[in-house]
Structure formats: C-alpha cells, structure tokens
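Worth saying up front: this structure is predicted, and the values here are computed from it rather than measured. The sequence lines fix the lettering, A, B, ..., with proteins before strands; numbering per chain opens at 1.
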Protein chains: 2
Amino acid sequence: MKYLLVEDNMDLANAISSRIRLDGHIVDHAAKIADATAFASTGDYDLILLDIMLPDGDGRSFLKQQRAAQNDTPIIVLTARSQVSDRISMLDLGADDYVTKPFDHSELQARCRAVLRRKSGSAQSVLTVGDVEFDTLAGHLSVKGQSINLRNRELRLLELLITSQGKVFSKQKLVDRLFSYDDDVSENAIEVYIGRLRKHLEGSRVQIKTLRGLGYRLDDDG
Amino acid sequence: MKYLLVEDNMDLANAISSRIRLDGHIVDHAAKIADATAFASTGDYDLILLDIMLPDGDGRSFLKQQRAAQNDTPIIVLTARSQVSDRISMLDLGADDYVTKPFDHSELQARCRAVLRRKSGSAQSVLTVGDVEFDTLAGHLSVKGQSINLRNRELRLLELLITSQGKVFSKQKLVDRLFSYDDDVSENAIEVYIGRLRKHLEGSRVQIKTLRGLGYRLDDDG
DNA sequence: TTGGGCATGACAGGTCCATGTCAGGTTGTT
DNA sequence: AACAACCTGACATGGACCTGTCATGCCCAA
C-alpha cells in the first residue's frame with residue numbers, strides 16, 4: 001500500500017512515517033497543501049492521512065478540492081482533541097474517518113485497515129484467481145495449495161496486479177505505485193521483480209504477460 | 001540437537017554439515033575412526049551419522065566398539081548402493097537405520113527425525129512441565145498458553161534442560177552439548193543464555209535454579 | 001539484420017537479528 | 001571482609017536476507 005501523509009509537524013510526520021514503513025508500506029510526505037495537491041494528483045495512493053492545521057491553508061479545502069476532482073482515494077483526517085465540531089464536518093466533506101491526536105500507532109493502523117477494507121468493497125481479504133490464492137491482509141500467497149513466501153516488494157507488486165487483474169500496468173506506473181517519490185529507481189527494477197514473481201508463479205495457470213512497449217498484465221490461462 | 005558426522009569425503013561432509021546447521025543443529029565432523037571414537041566418548045551427541053568406508057578402518061568396527069561400550073547414541077549408517085549385504089549386518093551390529101548414497105537432504109532429515117523420535121521413547125513431541133509446554137519437534141514454547149518466541153540457542157538449551165528435567169547440568173556440560181568442538185566459547189555465554197531463558201519463563205511456575213558451583217537445574221515449583 | 005525493449009544471473013550495499021563477549025555489579029560462602 | 005561464582009545491560013560482530021543495479025544476452029518488429 002502507498003500512503004500520502006499530509007502533516008506539517010516534522011517530528012510527528014517522521015514518527016508516523018517510520019511506523020508505516022515498518023508495516024511494509026510506502027509513504028510520501030507533504031508538509032503543505034500545495035505539495036499535497038501535487039502528490040495526490042498522481043492518483044498513486046491507496047490512502048491519505050490528512051492533518052487539518054496546515055501552514056498554507058486548511059485541510060478542509062484540500063478535502064473539498066479532492067472530492068470535487070473526483071478523487072475518491074480514502075482520506076483519514078488527523079484532528080486535535082479540541083476541534084470537536086470540525087470532526088463532523090470533515091465526514092460531511094468526504095473524509096472516510098478521523099483520528100484524534102494524540103493517538104498511538106496501533107489505533108491508526110486499525111483505522112487504516114478498516115477504511116481500506118471498506119473501500120475495496122469486499123469484506124474478505126482473500127482474492128482467488130485461477131489456482132492462485134492471495135491474502136491481501138496477511139500478505140500471503142499460495143499456488144495450488146502450496147504456500148509460498150514472498151518478499152515485501154514482490155508482495156506489493158502482486159497485490160497491485162491481482163487486485164486489478166486483467167488491467168495493464170506500465171512500468172512507470174508500477175514504479176509510481178511501488179516506490180516513494182524520493183527513491184528514484186530505474187524501470188529495470190520492475191523488470192527484475194516481474195521476473196522474480198514469475199518464478200514464484202511457475203507451475204500455475206496464472207501468469208504475467210508482457211505487452212511489449214505497454215507494460216504487464218496478470219492473466220489466468222485456464 | 002548435536003550431531004557427529006563420520007565421513008572421509010570432505011566435499012560430502014561439508015555439504016551434509018551445512019544442511020544440518022541450516023536446520024539449527026550443531027555438527028562435529030570426524031574423518032577417521034580414531035577421531036570419531038574420541039568425539040563419541042564424550043557422550044554429548046544426540047545422533048551419529050556414520051560412513052562405512054573410512055581410511056583407518058571399517059565403520060563396522062566403530063559401530064561394534066560403541067555398542068560394546070554401552071553407548072546407545074542413535075547411529076545412522078551411510079552406505080553406497082552396492083554394499084547390499086552390509087546394510088543388513090549394520091542393523092544387526094546395532095545401527096538404528098541406514099541411508100543409501102546418493103540421498104537428498106530431506107530424506108536424511110526425515111530418517112534422523114524418525115530415529116530420534118523412536119529413541120526418545122515418546123511418540124509425541126510435546127513435553128509438559130508445570131505450566132510450560134515445549135514442542136521439541138516444532139521447537140516451540142508456550143507458558144500458560146501464551147506462545148513465546150525463542151531464538152535457536154535458547155531453544156536448544158531449554159530442550160536439554162526440559163528433556164532431563166530435574167537433572168543438574170554443569171556449565172561445561174552445557175557448553176559441550178550446545179556448541180561444536182571447534183567454536184570455543186566461554187562459560188559466561190551459558191550464564192547469559194540462562195538469564196535470557198529465565199526472562200522468557202517469567203511468570204511461570206517453572207524456573208531454572210542455580211546450584212552454586214555445580215550448575216543449573218530446571219524445576220517445577222508447583 | 002539492426003535496434004530497442006525485455007529478461008536474468010551476479011553482485012554490492014543495507015538492514016535486521018541472533019549471538020557471544022565484556023565490564024561492572026550482585027550474591028553467596030568461608 | 002574477601003574472594004569466587006554468578007548476573008546482566010550494553011556492545012561488537014557476523015551472517016542471512018532484502019533489494020536495486022549492472023552487464024549481458026535474448027527476442028521481436030520493421
């Protein structure tokens with residue numbers, strides 16, 4: 001999963017970011033609304049964590065802006081305890097949930113999971129394609145009943161491909177979704193990971209097709 | 001578990017050793033019967049893997065020698081495919097099993113487990129002492145139903161103490177059983193590990209007693 | 001057949017974790 | 001009290017694993 005954290009307090013931002021990374025996710029960080037807007041416009045995020053008090057404006061405007069622009073990426077608002085009335089209006093403006101500061105990480109984690117589950121539609125976390133089963137929550141793959149260990153990056157890549165099974169992803173798109181803004185990574189990294197994933201999927205009906213010049217697609221050749 | 005591998009072919013010996021170590025066990029290696037006898041006399045091994053063709057004599061003599069000396073450490077013989085008649089006589093001489101070369105590691109592994117299980121008497125692998133449950137096969141500890149993660153060395157130490165619950169182990173004895181001949185380790189390492197194990201056992205009725213000048217003993221204070 | 005896109009084995013850097021040592025403190029025995 | 005045995009927090013080391021790059025070779029299209 002790729003998170004966008006919008007928060008101007010650097011200490012807090014770093015703390016939250018590192019916890020999210022520990023869970024194996026990617027985080028980009030924006031300290032201003034202007035930056036947040038630029039990041040969000042890529043549409044590469046699965047979840048946005050939004051502080052309301054920001055130096056160049058109110059989180060509310062960002063929220064309105066996003067929803068007006070048809071961006072339905074889940075947004076969780078981080079509010080201070082005092083701003084009670086705000087919290088309700090946040091939900092009205094299209095926020096998916098809010099967490100009152102101070103919070104501990106396990107609470108935030110739980111809210112994130114809940115929101116992601118709600119948005120992804122299905123209550124269940126196990127996706128099945130052909131003879132492949134993928135548990136998005138546990139991050140676990142099994143092929144023909146055989147359990148297979150994936151490394152984190154392989155996992156995230158497979159998650160992308162399998163949740164939009166049949167869709168074509170360009171290498172650049174995959175880079176954008178799998179890496180944070182400031183690591184800059186060659187597209188070859190994607191080729192390498194596709195190769196590694198293919199190795200894991202050997203013997204399965206499910207395979208990753210190369211569309212020369214376009215990208216990759218997960219197919220079920222049943 | 002501590003293994004003694006008696007094998008003169010260095011390549012094969014190294015291959016087998018490293019696989020055994022990967023399983024978290026200790027291996028000492030002897031290339032000659034003379035060395036093997038010296039090693040085995042310590043009685044610190046849980047299992048002996050014995051090649052028959054050795055430069056300074058026949059594995060048979062070693063086997064006879066050990067059994068005559070009342071050493072009932074399990075012995076698995078490694079034979080070449082041709083030596084058919086030998087294999088039966090091996091069992092008569094007191095071998096517990098044999099494996100014909102070439103074999104793959106999973107086969108050897110399975111035979112070792114089988115022999116160890118047979119020798120330890122109980123078919124079940126879960127030992128219970130007081131409010132502590134220890135699964136020797138899975139290498140897993142739980143205290144009062146709470147699952148606890150142990151590191152490999154802690155596991156092996158606990159395994160020793162719990163399978164001979166009530167017996168006193170001197171620090172030197174523990175070093176001999178937990179480490180291979182060529183790592184030389186201070187007795188302080190044992191003190192450290194006892195301390196770590198005690199931490200894991202906090203809140204349990206079961207505890208490790210210090211017998212000053214003598215060693216350690218696992219007790220159930222129920 | 002030529003060139004760009006793609007595949008892949010080998011490798012280097014980094015991170016995480018298990019492990020044993022050390023130093024200094026505590027306990028127990030004489 | 002004095003000495004040895006023992007305990008323990010902090011640390012250095014090393015190995016295992018993850019990860020992205022590189023170099024090289026393959027493959028497909030024109």
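A sub-4.0 Å separation between OP1 or OP2 of D:dC7 and a side-chain N or O of B:Arg198 is present. At D:dC7, none of the side-chain N or O atoms of B:Lys171 fall inside 4.0 Å of OP1 or OP2 (strictly under the cut-off). Contact between the side-chain N/O atoms of B:Ser186 and the OP1/OP2 oxygens of C:dG20 is not found at any separation under 4.0 Å. For the OP1/OP2 pair of C:dC6 and a distance below 4.0 Å, the side-chain nitrogens and oxygens of A:Lys209 include no atom meeting the criterion. Between B:Tyr216 and D:dC7, a side-chain N or O to OP1/OP2 separation shorter than 4.0 Å is present.
Looking only at atom types and distance, the side chain of B:Glu7 has no donor-acceptor partner in the side chain of B:His29 under 3.5 Å away. No side-chain donor-acceptor contact under 3.5 Å links B:Arg177 and B:Thr42. A donor atom on one side chain and an acceptor atom on the other are found under 3.5 Å apart for A:Thr210 and A:Arg198. Between A:Asp23 and A:His105, the side chains place a donor N or O and an acceptor N or O closer than 3.5 Å (distance only, hydrogens not considered).
Aromatic rings from B:Tyr45 and B:Tyr3 are positioned such that their centres are separated by 6.0 Å or more.
Among the nucleotides D:dC22, D:dT19, C:dT21, the one closest to any side-chain atom of B:Val185 is C:dT21. Counting only heavy atoms from C-beta on, B:Val192 has its side chain closest to C:dC22 among D:dC22, C:dC22, D:dT19. In this structure, the nucleotide among C:dT19, C:dC6, D:dC6 sitting nearest to the side chain of A:Thr210 is C:dC6. Side chain of B:Arg212, nearest nucleotide from D:dA10, C:dT29, D:dC7: C:dT29. Listed nucleotides: D:dT8, D:dT21, C:dG20. Nearest to the side chain of B:Glu191: D:dT8.
The distance between atom CD1 of A:Ile190 and atom P of C:dA7, rounded to the nearest whole Å, is 12 Å. In this structure, the CG atom of B:Leu150 is 15 Å from the C1' atom of C:dC17, given to the nearest Å. B:Ile194 places its CD1 atom 13 Å from the P atom of C:dG20, with the value rounded to the nearest Å. We find that CZ of A:Arg196 is positioned 10 Å from C1' of C:dT8, with the value rounded to whole Å. Note: NZ (B:Lys199) to P (D:dC6) measures 19 Å, nearest angstrom. In this structure, A:Tyr193 places its OH atom 7 Å from C1' of D:dC18, rounding to the nearest Å. Distance, B:Leu22 CG to D:dG15 C1': 11 Å, rounded to whole Å. One interatomic measurement links the two molecules: CZ of B:Arg156 to P of C:dA18, which rounds to 14 Å at whole-angstrom precision.
Residue whose closest nucleotide on DNA chain D sits further toward the 5' end, between A:Asn188 and A:Asn152: A:Asn152. When each of B:Leu211 and A:Ala189 is assigned the nucleotide of DNA chain D bearing its nearest heavy atom, the one mapping closer to the 5' terminus is B:Leu211.
Within the nucleic acid shown, B:Asp184 comes within 4.0 Å of sugar-phosphate atoms alone, with no base atom in reach, counting heavy atoms only. At a threshold of 4.0 angstrom between heavy atoms, the contacts of B:Arg21 with the nucleic acid are absent.
Contact annotation: the side chain of B:Leu49 never approaches that of B:Ile75 to less than 4.5 Å [non-hydrogen atoms, C-beta and beyond].
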